[in-house]
Structures are given as C-alpha cells and as structure tokens.
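Note sheet for the following structure.
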Amino acid sequence: MRVNAIAPAAATRLTATVPGSEDRVAARQAEAAKTGFDTFAPGNISPFVAYLATADCPIAGKTFFVHGGSVHLFQPYTIVDKISVDHRWTIDELAGAAAKWGDVTWEQKLTLD
C-alpha cells in the first residue's frame with residue numbers, strides 16, 4: 001500500500017474569499033499574462049497527484065509541497081511533544097491541553113513527557 005500527502009499551494013474559490021485577496025489575484029493574473037504560466041493554477045497540482053497514483057510509482061510515505069512547476073519533498077516529521085487522555089477528548093480539554101502548541105516555533109526543543 002502507498003500513502004503520500006500533498007500540501008498544495010493554489011488559488012481556489014476558497015482562497016478568493018480571504019480579505020485582501022483581490023490585490024493578490026490581480027498581481028497573479030498580471031504575472032501569468034506576462035509569463036504565460038499561472039503558478040497558482042490548481043491544475044498545476046494534479047499532474048503530481050496523477051503520477052503518485054500510477055501503478056509504477058515507487059514513492060510511499062512521503063509528504064510534498066506542490067506549487068506551480070515545483071515539487072518539494074518534506075523531511076520526515078518527528079514527534080516532539082504529546083498530550084493524551086484515557087478517553088475521548090472534549091473540545092474544552094483540548095483547548096486547555098493543546099493551546100500550548102500555538103506559540104511553538106521549530107527552534108524550540110520540546111520533550112515527550
């Protein structure tokens with residue numbers, strides 16, 4: 001079995017709803033008109049998705065960032081911290097326990113309890 005993940009960078013109807021996106025869309029369209037290639041077109045993602053789905057693709061267990069004509073391989077992730085309970089989490093419990101990760105930077109070193 002092969003399982004891979006893609007973190008795509010593309011402009012969609014959803015990203016068009018972000019406040020201030022009108023200026024970014026206009027700049028992107030102007031650049032695409034100049035170069036003939038829209039790096040944020042969602043269709044740029046699908047060739048790599050299709051390749052990963054081919055029968056002969058040897059890639060498994062990897063995560064990729066795909067944007068325009070670039071495909072980036074992420075270094076494998078490492079678990080650096082955890083929270084756990086002996087039951088199903090509640091939102092309130094998670095709000096108390098997981099909020100600490102909001103300020104974590106990758107320069108910080110965390111250790112498992």
Side-chain angles (χ1 to χ4, degrees):
M1 176 193 314
R2 287 181 287 154
V3 176
N4 293 291
I6 295 176
T12 65
R13 290 184 308 236
L14 179 62
T15 62
T17 65
V18 175
S21 65
E22 299 84 10
D23 293 337
R24 288 187 298 277
V25 168
R28 179 176 58 83
Q29 289 172 339
E31 183 66 20
K34 213 181 329 178
T35 65
F37 182 60
D38 182 354
T39 59
F40 279 92
N44 297 333
I45 310 303
S46 55
F48 192 66
V49 173
Y51 167 66
L52 291 175
T54 62
D56 294 333
C57 179
I59 301 170
K62 306 291 188 289
T63 301
F64 300 92
F65 171 72
V66 182
H67 173 248
S70 299
V71 177
H72 307 260
L73 172 64
F74 279 107
Q75 182 175 345
Y77 294 98
T78 302
I79 296 174
V80 296
D81 196 15
K82 75 172 185 176
I83 57 174
S84 62
V85 294
D86 61 0
H87 57 273
R88 182 177 295 157
W89 285 96
T90 67
I91 300 297
D92 288 339
E93 289 172 327
L94 285 167
K100 66 181 181 176
W101 292 330
D103 295 326
V104 170
T105 64
W106 293 122
E107 292 79 33
Q108 292 175 300
K109 301 262 188 219
L110 300 177
T111 57
L112 291 173
D113 294 336

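Bear in mind the structure is a predicted one, so any value in this text is a computation, not a measurement.
Heavy-atom minimum distance, Ser70 versus His72: CB-NE2, 3.5 Å. Closest heavy-atom contact between Phe74 and Ala7: CE1-CB, 4.2 Å. Taking each heavy atom of Thr17 and Arg13 in turn, the nearest pair found is CG2-O, 3.5 Å. Closest heavy-atom contact between Arg2 and Thr54: NH2-O, 2.9 Å. Ala10 approaches Pro42 most closely through the heavy-atom pair CB-CA, 3.7 Å.
Under the 4.5 Å side-chain heavy-atom criterion for ILVMFWY residues, a single connected hydrophobic cluster contains both Val85 and Leu94. Ile6 and Phe65 fall into different hydrophobic clusters, defined by Ile, Leu, Val, Met, Phe, Trp and Tyr side-chain heavy atoms under 4.5 Å apart, directly or through other members.
Under a 4.0 Å N-O distance rule, the pair Lys34/Glu31 qualifies as a salt bridge.
When side chains are defined from C-beta on, Val66 does not count as touching Val49, because their heavy atoms never get closer than 4.5 Å.
Counting non-hydrogen atoms of other residues, nucleotides and ligands closer than 6.0 Å to CG of Leu73 gives a total above 12.
Between the side chain of Asn4 and the backbone N or O of Gly61 there is at least one donor-acceptor pair closer than 3.5 Å. Of the possible polar contacts, none joining the Asn44 side chain to the Gly69 backbone as a donor-acceptor pair under 3.5 Å is found. Not a single donor-acceptor pair under 3.5 Å links the side chain of Lys100 to the backbone N or O of Ala98.
Within the model, atoms CZ of Phe40 and OG1 of Thr15 stand 9.0 Å from one another, a figure rounded to the nearest 0.5 Å. A distance of 7.5 Å separates CD1 in Ile45 from NE2 in His67, rounded to the nearest 0.5 Å.
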